[in-house]
Trainee: 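Just dropping this structure here.
Chain A is the first sequence line, chain B the second, and so forth, proteins listed ahead of strands; every chain is numbered from 1.
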Number of protein chains: 2
Amino acid sequence: MSESETLQQAEIAIVGMGLMGASLGYDLRGSCRRVVGVVRRPEAVSETLASGCVDDATLDAVAAISAADIVVLATPVRTILRQIAQWGPLLKPGAILVDMGSTKTAICRAMEALPEHVRAIGGHPMCGKEQAGLAAAEPGLYRNATFVLCPLARTDDETLQVVQHLVRHIGARPLVLDPERHDRLVAAISHLPYLAACSLVHHVMTVAEDDPTVWDVAASGFRDSSRVAASDVRMLMDILMTNRQAVLAAIDNYERSLAHLRTLLEQEQEPELRDSLEQIAQARRLWRRA
Amino acid sequence: MSESETLQQAEIAIVGMGLMGASLGYDLRGSCRRVVGVVRRPEAVSETLASGCVDDATLDAVAAISAADIVVLATPVRTILRQIAQWGPLLKPGAILVDMGSTKTAICRAMEALPEHVRAIGGHPMCGKEQAGLAAAEPGLYRNATFVLCPLARTDDETLQVVQHLVRHIGARPLVLDPERHDRLVAAISHLPYLAACSLVHHVMTVAEDDPTVWDVAASGFRDSSRVAASDVRMLMDILMTNRQAVLAAIDNYERSLAHLRTLLEQEQEPELRDSLEQIAQARRLWRRA
């Protein structure tokens, strides 16, 4: 059976109808035999059904997971860790387990411990917004996003191919990375920028204690620089706590970069400061063009 | 004569046809007797005329400034400082000099030293983009922006009212601040975010030396957090060098905020870290709603 046929005939259970899970539902519904959303709150059943992102919504995780050909865990990282241990063994033989958690080392380790019959692989789509939840979900969220896949030592080629097909089907670009490397890279481009943005907002909060006008002069530069500071804290706490070492190392390296620029400014070393800022501006402009 | 009539009958000279100057031209042309753009490069005369943002463009700054009722300096800060000294005295009696520089203390000090007959006031519109130059200019750039005005001790009420009218005419909101206060506030919401963004990009550059894939996993969070790092370096150098003390103080306070979050993460003080991040997220969300 081709990967395309496998996807068409699959019953898919998505655990968690937040931004990521519900958006995935929108993109898969109609392309698979059935898409079932697993929710926790009773009122979320009707909310999810009303949104139209799934064929069915249920509180009965065990039934949904046992029936599915592909199970996607779309909850915060530490919830995923509990769900792998609790529900992973309930998958039927040959079913595929994949997650969308933002850190991968702890999750892939938990997946390695699953019974032999489960075909597991780690995943992380590199997209999102600062709004969380079903209401923020939308079709096409994954289009043109990089979707990292972390095959385990035990992941067979067919599993990787089916999941790569799913990733391409929703318009994303699969990128295979080992989990430690993934975590180091996302510490640099996501977790550190989050804490940097939080520190910017915190600085403005302290300035505002004496002079609240600071919020009135804040414009688009501050808006963009600080946007991710409004992210869902629960999700971010799980990310930070499961990627502590890489995040701490990123902060330290970042602080050295900032301290270097500070020294050049303090000592009025104009040519050196200008050169550093030009190199940085150039690197940022090149990335945008890529 | 009302402020509205004063503006309609004014000949306006805008010095510098970059993003800010040319955008102002678009918004004023047709509402004033004549808008003249002063440029430095010979080829900029025809480029400026072709863009349609002014009635006339000229290399002859002295002629344009001597004839104007309102002169707007829209060049980088240290160029503005030179232009105030060089061209300020050439204004005809009763003409108004205003600037759009991003720092105000040094500029207002230079304006205070002008001959008695010049009616001067500092200005700074709180908007922009990371692209610079005529090509990036657009009508309506100032709409809904805060436009800081810094009257000098010598600035008469009529001058303030005419410039406030001009600011409202282009859709912006005038906000009167003294120059030192302006510079302290923009250090927090603009100059510090710029250096923080530069440090983020620099950190990714160092990660990329070993693993260039880091650029492939960078997504919208990194894009927004680092956007201002692509800003025009010449403009930013002038800003940083004329606001050094406030920027250094902002960096120091920011570093304390980041170090505090780092400590909470390192020591796994989850409740304290969560509380801090929640307060920050809340402050950022409240600002967006404002």
Trainee: Could you walk me through whether B:T213 and A:L175 pass side-chain contact (heavy atoms from CB on, under 4.5 Å), step by step?
Mentor: CA-CA 10 Å; B:T213 303; A:L175 174 67; 3.8 Å; yes
Trainee: With heavy-atom distances below 4.5 Å as the criterion, would you say the side chains of B:H202 and A:H260 are in contact?
Mentor: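 Sidechains of A:H260 and B:H202: no contact.
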Trainee: Testing the basics here: between A:A188 and B:H203, what is the closest heavy-atom pair and its distance to 0.1 Å?
Mentor: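 Shortest heavy-atom contact: CB-NE2, 3.5 Å.
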Trainee: Answer whether the closest heavy-atom distance between the side chains of B:V217 and A:H124 falls below 4.5 Å.
Mentor: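 With C-beta onward as the side chain, the pair stays apart.
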Trainee: What part of A:L258 is in contact with chain B, defined as an atom under 4.5 angstrom from a non-hydrogen atom: side chain, backbone, both or neither?
Mentor: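 Both parts, backbone and side chain.
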Trainee: Report yes or no: does B:R284 contribute a side-chain atom to a donor-acceptor pair with the main-chain N or O of A:R223 at less than 3.5 Å?
Mentor: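 Checked: pair present.
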Trainee: Which is it for A:S220 and B:R227 under the side-chain contact (heavy atoms from CB on, under 4.5 Å) test, yes or no, and what are the steps along the way?
Mentor: CA-CA 10 Å; A:S220 60; B:R227 181 180 67 82; 3.9 Å; yes
Trainee: Which answer fits A:S199, side chain, backbone, both or neither, if we ask what part of it has an atom under 4.5 Å from a heavy atom of chain B?
Mentor: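 It is both, since atoms from each part get that close.
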Trainee: Could you tell me whether a side-chain N or O of B:R262 sits under 3.5 Å from a main-chain N or O of A:V247, the two making a donor and an acceptor?
Mentor: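 A pair under 3.5 Å: no.
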Trainee: Using non-hydrogen atoms only, which part of A:V214 is less than 4.5 Å away from chain B: side chain, backbone, both, or neither?
Mentor: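 When you check distances to chain B, atoms from both the backbone and side chain of A:V214 fall under 4.5 Å.
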Trainee: Would you check, one step at a time, whether the test salt bridge (Lys or Arg N to Asp or Glu O under 4.0 Å) holds for A:E270 with B:R78?
Mentor: CA-CA 13 Å; A:E270 282 205 50; B:R78 290 190 291 190; 2.9 Å; yes
Trainee: Report yes or no: do A:D224 and B:S225 form a side-chain donor-acceptor pair below 3.5 Å?
Mentor: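 No, B:S225 and A:D224 have no side-chain donor paired with an acceptor closer than 3.5 Å.
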Trainee: What's the spacing between B:N253 CG and A:T206 OG1 if we round to 0.5 Å?
Mentor: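 Rounded to the nearest 0.5 Å, the CG-OG1 separation comes out at 4.0 Å.
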Trainee: Looking at B:L200, B:V228, B:T146, which has the largest count of heavy-atom pairs under 4.5 Å with chain A?
Mentor: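 Ranked by contacts with chain A, first place is B:L200.
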Trainee: Taking A:W215's backbone N and O only, do any of them form a donor-acceptor pair with B:W287's side chain (distance below 3.5 Å, no angle check)?
Mentor: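 Between the backbone of A:W215 and the side chain of B:W287 there is a qualifying donor-acceptor contact (under 3.5 Å).
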Trainee: Of all the heavy-atom pairs spanning B:V233 and A:E278, show the shortest one and how long it is.
Mentor: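 Shortest heavy-atom contact: CB-OE2, 3.5 Å.
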Trainee: Looking at A:A145, A:A230, A:S276, which makes the most heavy-atom pairs under 4.5 Å with chain B?
Mentor: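 Most heavy-atom pairs within the cutoff with chain B belong to A:A230.
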Trainee: If I take atom OG from residue B:S257 and atom CG from residue A:L195, how far apart are they, to the nearest 0.5 angstrom?
Mentor: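 Answer rounded to 0.5 Å: 11.5 Å.
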Trainee: Salt bridge or not between A:R173 and B:D216? Use side-chain N to carboxylate O under 4.0 Å.
Mentor: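 No.
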Trainee: Find the one option among A:S190, A:A250, A:C127, A:A197 whose heavy-atom pairs under 4.5 Å with chain B are most numerous.
Mentor: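 Most heavy-atom pairs within the cutoff with chain B belong to A:A250.
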Trainee: Could you have a look at A:A219, A:A283, A:S226 and say which one has the most heavy-atom pairs with chain B under 4.5 angstrom?
Mentor: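 Maximum pair count with chain B is reached by A:S226.
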Trainee: Evaluate the criterion side-chain contact (heavy atoms from CB on, under 4.5 Å) for residue pair A:L277 and B:Y194; output intermediate values, then yes/no.
Mentor: CA-CA 10 Å; A:L277 297 178; B:Y194 168 69; 3.6 Å; yes
Trainee: Side chain from CB out, backbone as N, CA, C, O: work out which of these in A:I251 comes under 4.5 Å of a heavy atom of chain B, or both, or neither.
Mentor: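 Answer is side chain: those atoms of A:I251 sit under 4.5 Å from chain B.
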Trainee: When rounded to the nearest 0.5 angstrom, what is the spacing between CD1 in B:I280 and OG in A:S231?
Mentor: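 Interatomic distance, B:I280 CD1 to A:S231 OG, rounded to 0.5 Å: 12.0 Å.
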Trainee: As an exercise: rank A:A229, A:G221, A:A259, A:A218 by heavy-atom pairs under 4.5 Å with chain B and give me the winner.
Mentor: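 Option with the greatest count: A:A218.
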Trainee: B:E268: what forms a salt bridge (Lys or Arg N to Asp or Glu O under 4.0 Å) with it, not counting sequence neighbours?
Mentor: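 Salt bridge (Lys or Arg N to Asp or Glu O under 4.0 Å) check on B:E268 returns A:R244.
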Trainee: With chain B, which of A:D211, A:D252, A:V204, A:L177 has the greatest number of heavy-atom pairs at distances under 4.5 Å?
Mentor: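 The option with the most such pairs is A:D211.
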Trainee: With chain B as the partner, which of A:Q279, A:M205, A:R181 has the greatest number of non-hydrogen pairs under 4.5 Å?
Mentor: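 Heavy-atom pair counts peak at A:R181.
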Trainee: Whether A:R256 and B:E255 form a salt bridge (side-chain N of Lys/Arg under 4.0 Å from carboxylate O of Asp/Glu) is what I want to check.
Mentor: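 No, this pair does not count.
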